[in-house]
Amino acid sequence: MREGTVISEAGASAGAGCGLSQFFYTFRYREEMRYSQTLIPTLKEVPAEAEVISHRLMLRAGFIRKLSSGIYSYLPYGLAAIRRVETIVREEMNRAGAQEMMMPMVQPADLWKESGRYEKYGPELLRFTDRHERESCLGPTHEEVITDIARKEIHSYRDLPINLYQIQTKFRDEIRPRFGLMRGREFIMKDAYSFDVSDEMAETSYKKMYDAYNAIFQRCGLDFRCVEADSGTIGGSFSHEFMVLAETGEDTIAVCDECKWAANLEKAVVRLAGSGSREETLALVKVETPGKRKVAQVCDFLKITPDRLVKTLVYIADGEAVALLIRGDREVEEIKLKNYLGATDLRLADDKEVFDATGVPTGYLGPLGISIRLLADQEVMHLANFSVGANEKNYHLLNVNGGRDFRVSEVADFRRLCESDPCPSCGGSLRLVQGIEVGHIFKLGSAYSESMNAFFQDSEGNGKPLVMGCYGIGVSRVVAAAIEQNHDENGIIFPVPLAPCQVTVLNLGLKDTDISAAAEMIYAKLSAAGIDVFLDDRDERPGVKFKDADLLGFPLRVTVGKRFQENGMVEIRRRRDGKAEESTVDGLVDLIRRRLAELTGQR
RNA sequence: CGGGACGUGGCUCAGUCUGGUAGAGCACAGCGUUCGGGACGCUGGGGUCGGAGGUUCAAAUCCUCUCGUCCCGACCA
């Protein structure tokens with residue numbers, strides 16, 4: 001097997017059009033793609049270890065085999081799928097002016113101590129000592145190494161901007177690896193790092209990557225969305241996630257049907273409709289609500305709807321109890337609360353903690369006279385005459401009004417966006433969909449360059465920290481996500497750009513010289529036409545070949561069998577919709593080309 | 001780390017409760033028939049029952065410990 005051969009410089013390659021320094025790569029996985037000569041151990045039955053669809057199909061299709069928890073070997077055809085993604089990523093990164101390099105997987109602990117992450121990173125970072133008792137770790141990411149290179153090799157503004165990337169294996173010792181390649185411990189990632197002279201320039205670099213990522217996933221033929229994301233603890237600025245839409249996705253994202261807006265629910269800002277209630281305020285009333293603690297029970301008892309009730313939730317944020325007011329029918333988006341508080345650990349308090357902190361049993365908490373730090377979701381301040389707990393067992397208050405009856409100094413957006421909310425950008429209607437995170441881009445700023453002393457001199461000779469950005473794509477996860485999004489009960493349905501081979505030729509008459517000769521000729525012609533073609537030349541029954549062709553997900557299938565004997569026709573069948581047509585051998589190459597062109601970019 | 005399930009030929013699983021000759025289907029090898037949607041018949045090879053210790057005349061089965069895998073949660077991005 002050959003590992004990527006440089007075949008041409010820019011200009012010779014389709015779609016190219018950039019400078020001479022750009023190299024484009026193409027891959028021939030093997031000189032020959034004959035089933036009889038290739039290890040593709042397909043399975044009829046699903047191994048017990050697999051639950052999610054992409055994992056099951058990748059095992060069944062003989063793409064991967066597990067070595068240990070969260071660690072997989074890529075068998076030839078699975079690797080070929082990975083290479084497809086890598087090739088697209090590589091071409092688009094190069095086109096965007098990034099340079100490929102490769103950094104070590106084993107890294108010295110000292111480097112991580114410099115950035116402060118040796119302590120912060122937690123047990124996901126696999127640490128070990130070598131024979132000389134030197135502390136080391138396996139790279140879960142490469143900010144430290146790249147920053148070390150930058151501080152040693154980049155000294156002048158004349159060297160900037162620069163964007164360096166690699167496609168490499170990462171190791172993260174996940175607590176619970178699961179879903180096969182979707183969340184493994186060892187996985188293939190493309191990571192890029194940009195260095196700029198200023199924030200403004202860094203934004204330009206960020207924008208370039210933003211565009212490159214859109215181009216990459218577009219070219220992969222995936223249904224995806226770029227969403228505003230929580231930048232987490234990496235800090236400051238902003239970030240975007242690229243999500244492949246699939247029902248089995250782990251993240252929920254909100255998308256607008258009327259504009260381009262989309263966001264991770266963790267981050268999605270709620271825009272309130274209107275400016276608040278115009279109801280006349282009524283006099284405060286205290287009522288007995290014996291044993292009514294849950295929102296539903298209280299509402300039932302008081303004969304009100306949950307949107308007229310405000311619940312008071314107590315959280316423990318880094319050990320401190322804080323209360324949060326939110327409408328009874330809403331849910332708290334804990335990430336928003338966590339970010340607002342700047343807390344590293346946040347969880348709902350249990351009954352005992354609530355009582356210890358407030359002296360009130362859960363179910364009867366309210367904002368009036370509460371002793372702990374009080375926060376309110378913005379929506380609460382727009383309500384009038386709502387009900388809350390009375391901070392006294394078995395009592396609630398009616399006709400409560402914020403500002404009149406209590407004051408909250410900390411009001412912000414803490415609730416989870418719902419489908420019924422208006423789009424924060426255009427006011428249009430929203431949909432919530434599930435997504436798989438396959439890419440994430442961050443503006444890093446100068447946190448790493450400052451902690452690790454990566455400075456350059458500007459045109460006036462002043463030392464300044466490099467302004468960084470980092471950009472990741474889960475290459476192996478893209479393959480899994482593509483399968484999650486594109487499959488049916490018979491197997492994988494690869495988008496044309498990701499299929500290791502776009503066409504499979506089934507020789508159904510292995511012992512018939514005419515059929516075999518025709519199959520061989522078709523295989524050779526398609527191959528010569530530059531189409532990645534696969535030939536099922538195994539001594540198997542037709543049923544087996546059909547099943548395997550479906551399972552492996554070739555976009556097109558050419559069947560050479562008894563119809564060829566009868567009238568010289570072969571069948572071309574599309575994997576996605578099962579539509580079949582007949583063709584003569586002569587017209588086949590053109591027909592295949594047309595069908596592939598139609599299918600490309602189609603879902 | 002908490003909760004749950006599981007570990008028996010390459011794969012899927014039965015057998016474990018109630019201790020007594022290790023089984024089936026698929027896969028693999030040979031022969032024959034078959035040949036456009038995972039064929040059939042016959043023959044054959046292959047298992048320290050995850051590992052260690054214990055109870056017993058006797059352990060896949062009961063007990064203890066241990067290793068591993070999967071699912072839910074917490075965690076991570």
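Computation of the quantities below employed the complete heavy-atom set of this structure, encompassing side-chain atoms and omitting hydrogens, waters and symmetry-equivalent molecules. Residue numbers begin at 1 in each chain, while the letters A, B, ... track the order of the sequences.
Considering only side-chain N and O atoms, Ser69(A) lies under 4.0 angstrom from the phosphate OP1 or OP2 of C70(B). Between G25(B) and Lys44(A), no contact under 4.0 Å exists linking OP1 or OP2 to a side-chain N or O. At the phosphate of C72(B), OP1 or OP2 sits under 4.0 Å from a side-chain N or O atom of Arg176(A).
Judged by distance alone, with hydrogens and angles left aside, Glu174(A) brings no side-chain donor or acceptor close enough to the base of A77(B) to form a pair under 3.5 Å. Checked by distance alone, Asp550(A) brings a side-chain donor or acceptor within 3.5 Å of a matching partner on the base of G37(B). Taking 3.5 Å as the limit, the base of G7(B) and the side chain of Glu49(A) contain no donor-acceptor pair of atoms between them.
At a threshold of 4.0 angstrom between heavy atoms, the contacts of Glu571(A) include nucleobase atoms, whether or not backbone atoms are also involved.
Under the Watson-Crick or G-U wobble criterion, with both distances below 3.5 Å, G68(B) is paired with C6(B). Base pairing annotation: U61(B) forms no Watson-Crick or G-U wobble pair, as no partner gives both donor-acceptor distances under 3.5 Å. Base pairing analysis places G44(B) opposite C28(B); the two distances defining the Watson-Crick or G-U wobble pair are each below 3.5 Å. Figure legend. U55(B) is base-paired to no nucleotide; pairs are counted as Watson-Crick or G-U wobble with both atom distances under 3.5 Å. With a cut-off of 3.5 Å on both pairing distances, the Watson-Crick or G-U wobble partner of C1(B) is G73(B).
The salt bridge (charged side-chain N to carboxylate O under 4.0 Å, His left out) contacts involving residues 243-253 of chain A comprise Arg183(A)-Glu250(A), where partners must be two or more places apart or lie in separate chains.
Between Cys226(A) and Asn214(A), the shortest heavy-atom distance links the atoms CB-OD1, 4.3 Å.
Between Glu484(A) and His487(A), the side chains place no donor N or O within less than 3.5 Å of an acceptor N or O (distance only, hydrogens not considered).
The number of heavy atoms from other shown groups lying within 6.0 Å of NZ (Lys208(A)) does not exceed 12.
Position along RNA chain B of the nearest nucleotide to Arg183(A) versus Lys547(A) favours Lys547(A) as the more 5'-ward residue.
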